[in-house]
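Taking it in order: structure first as structure tokens, then the write-up.
Nothing here was measured: the structure is a model prediction, and the numbers come from that model.
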Amino acid sequence: MAETFDFDLVVIGAGSGGVRLARQSSQRGARVAVVESRYLGGTCVNVGCVPKKLFVYGSHVGEDIEDGAGYGWSVPQDQVRFDWPTLVANKNAEIHRLNGIYGRLLENAGVTVFEGTASLEDPHTIRVGSKTVTSKHITVATGTWPDIPDIPGRECVLNSNDMFYLPQLPKEAVVWGGGYIAVEFAGILAGLGVKTTLLYRGDLFLRGFDQDIREFVAQEMAKKGVDLRFNTNIESVEPDGAHYNVRLTDGSALNTGLVLGATGRKALVDGLGLENTRVAFTDSGFIRTDDHFQTDEPSITALGDVIGTPQLTPVALNQAMVLSRRLFGDGQGDMDYNAIPTAVFCQPNIGTVGPTEEAAREQYGRLRIYRTGFRPMKHTLSGRDERAMMKLIVDDASDRVVAAHFVGPEVGEMLQGVAVAIKSGATKADFDGTIGIHPTSAEEFVTMREPESVG
């Protein structure tokens with residue numbers, strides 16, 4: 001007699017990947033439930049991509065007001081006001097709206113939602129509060145959580161989640177870290193008038209990005225008033241009245257109103273009861289899976305940030321579609337991690353797809369590098385000292401454009417089309433044969449004719 005279960009699939013975690021997997025699987029006829037302990041939509045919707053970009057928009061308005069003078073708009077500076085609680089309240093209202101949309105998507109797909117913390121009692125049994133359910137398949141999609149190093153005064157350091165609910169802005173802030181989150185929040189804070197210092201233990205932030213991009217962004221951020229301190233780490237943080245005294249490894253100290261630790265994220269698996277299964281972990285603490293998201297426990301799969309693949313919402317969404325087909329569809333399809341486009345919403349923005357120049361040289365050998373730098377048209381009248389940079393990397397043997405890297409206003413909006421071209425195997429001749437849209441920054445991609453270097 002076949003073993004019977006309450007569900008065909010229980011997904012632990014209602015983030016972007018978990019919700020997509022649940023909906024797709026239910027639409028394929030599976031009996032599906034989702035367990036979520038915090039909020040529908042996961043990190044991206046609640047304390048990640050969406051509210052972060054709303055904050056980026058908000059922090060840029062001040063510059064837009066200043067830039068208006070060059071176009072004949074006069075706004076006396078003593079009449080310009082910014083109210084942080086208003087931005088937070090409006091952001092909260094939008095997130096609440098999105099939470100409702102996620103709930104309706106699951107309901108309309110016939111997915112059962114359990115609110116509470118999941119704990120696995122065995123490879124097929126999940127306890128949520130006082131209720132126990134069984135499932136043929138279980139998928140862990142719990143994501144990651146901010147990780148602050150264990151230093152004296154660690155309790156004084158805020159994480160990125162906390163930043164979205166600050167009751168008020170400080171006059172000075174220290175941002176500790178060198179990845180996406182650190183550079184984005186440094187730009188947000190500085191744009192809102194906070195005197196901001198960014199500390200990073202390495203020679204240059206944004207490790208893993210193209211070297212030219214890293215150097216260019218550092219120059220542009222410094223122009224915007226962010227105090228960049230590399231090869232510097234925090235030793236301790238001590239309360240000092242309403243402020244904090246931050247002692248650094250170089251022997252100096254900073255007095256500040258806020259310390260944000262953007263020092264990495266770890267897999268969110270505490271309390272899941274995975275010790276009651278054969279699920280194993282990588283050396284970095286992520287759930288170990290094969291290329292088909294299978295863990296060491298036959299009934300348990302995992303996807304999204306919790307397995308250590310690129311921590312991007314569209315990656316989790318695509319993983320979910322692949323896994324749903326494998327569990328309840330035709331079983332076909334694989335996840336392709338090549339040429340994943342991404343944007344960093346620092347100021348100015350970064351858009352990138354394909355390998356860095358260093359990695360491309362190892363992979364392809366002889367390259368042609370095309371690069372241009374220019375002042376965006378808007379700033380010819382605004383007078384703002386801000387520049388943009390674009391770079392194409394071409395495999396010399398095949399003429400294929402294998403990577404594009406750029407920095408400038410709204411570059412995330414133009415990246416998607418370039419990513420399609422690169423994913424499709426477009427050559428430099430294809431780029432050259434495409435008519436540009438004038439006058440735009442995007443046309444630079446099809447007007448770079450002479451390589452800066454070959455070899």
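- Taking the side chain as every heavy atom from C-beta outward, I287 and V279 approach each other to under 4.5 Å.
- Between R366 and V454, some side-chain heavy-atom pair lies under the 4.5 Å cut-off.
- Between the side chains of S324 and R28, at least one donor N or O sits under 3.5 Å from an acceptor N or O.
- In this structure K423 satisfies the salt bridge (charged side-chain N to carboxylate O under 4.0 Å, His left out) test together with D336, sequence neighbours excluded.
- If you check the side chains of S37 and E115, you find no donor sitting under 3.5 Å from an acceptor.
- Considering D210, L206, V183 as possible partners of I350, the one that fulfils the side-chain contact (heavy atoms from CB on, under 4.5 Å) test is L206.
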Before you tell me yes or no, could you show the steps for N46 and N99 under side chain to side chain donor-acceptor pair (under 3.5 Å), namely the whole-Å CA-CA distance, both residues' side-chain angles and the distance that decides it to 0.1 Å?
CA-CA 8 Å; N46 295 276; N99 293 150; 3.2 Å; yes
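- Residues D334 and H292 bring a donor and an acceptor atom of their side chains to less than 3.5 Å of each other.
- Applying the ring-ring contact (aromatic ring centres under 6.0 Å, His included) test to residues at least two apart or on different chains, the pairs with a partner in residues 182-206 are F164-F185, F205-F230.
- Across every non-hydrogen atom of V353 and A419, the tightest pair is CG2-CB, 4.1 Å.
- Between the side chains of D270 and W145, no donor N or O sits under 3.5 Å from an acceptor N or O.
- Taking the six-membered ring for Trp and the full ring otherwise, the centers of Y57 and F345 sit at least 6.0 Å from each other.
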Is there a ring-ring contact (aromatic ring centres under 6.0 Å, His included) between Y180 and F209? Walk through the geometry before answering.
CA-CA 10 Å; Y180 279 66; F209 284 79; 5.7 Å; yes
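- No salt bridge links K428 with D430; every basic N to acidic carboxylate O contact stays at or beyond 4.0 Å.
- Between E220 and K224 there is no salt bridge, since no side-chain nitrogen of the basic residue lies less than 4.0 Å from a carboxylate oxygen of the acidic one.
- Looking at N108, its side chain does come within 3.5 Å of a backbone N or O of R104 through a donor-acceptor pair.
- Residues passing the side-chain contact (heavy atoms from CB on, under 4.5 Å) test with E66 are Q77, R384, sequence neighbours excluded.
- Shown here are the side-chain contact (heavy atoms from CB on, under 4.5 Å) partners of K195, two or more places apart in sequence or in another chain: E172.
- D395 is not listed as a side-chain neighbour of R368, based on a closest heavy-atom distance of 4.5 Å or more.
- The local environment of NZ in K171 is sparse, with at most 12 non-hydrogen atoms from other residues, nucleotides or ligands closer than 6.0 Å.
- K52 has a carboxylate O that lies under 4.0 Å from a charged side-chain N of E184, or vice versa, which qualifies the two as a salt bridge.
- Residues Q211 and E358 come closest through the heavy atom pair CB-OE2, 3.1 Å.
- Partners of D78 according to the salt bridge (charged side-chain N to carboxylate O under 4.0 Å, His left out) rule, which considers only residues two or more places apart in sequence or in another chain, do not exist here.
- Within the 4.5 Å cutoff, no side-chain heavy atoms of L260 are placed close to those of V174.
- Pairs engaging residues 381-416 under the ring-ring contact (aromatic ring centres under 6.0 Å, His included) rule: F406-F445 [sequence neighbours left out].
- The shortest non-hydrogen separation linking V418 to A404 is CG1-CB, 3.7 Å.
- Defined by atom type and a distance below 3.5 Å, a donor-acceptor pair is present between the side-chain atoms of Q347 and S59.
- Inspection of the E215 and Q219 side chains reveals no N or O donor paired with an N or O acceptor under 3.5 Å.
- Residues Y102 and E107 bring no donor and acceptor atom of their side chains to less than 3.5 Å of each other.
- Closest of all the heavy-atom pairs between Q319 and G304 is OE1-N, 2.7 Å.
- Closest approach of A22 to L106, counting heavy atoms only: CB-CD2, 4.1 Å.
- No donor-acceptor contact under 3.5 angstrom links the side chains of S398 and Y364, judged on distance only.
- Under 3.5 Å, the side chains of N159 and D147 contain no donor-acceptor pair of N or O atoms.
- Side-chain contact between I12 and L272: present, with at least one pair of heavy atoms (C-beta onward) separated by less than 4.5 Å.
- Screening L317, T313, D305, L98 against C44 for a side-chain contact (heavy atoms from CB on, under 4.5 Å) leaves a single residue, T313.
- Side-chain N or O atoms of W176 include none that pairs as donor or acceptor with a backbone N or O of I148 at under 3.5 Å.
- Of the inter-residue distances, the one linking M389 atom CE with T372 atom OG1 reads 10.0 Å to the nearest 0.5 angstrom.
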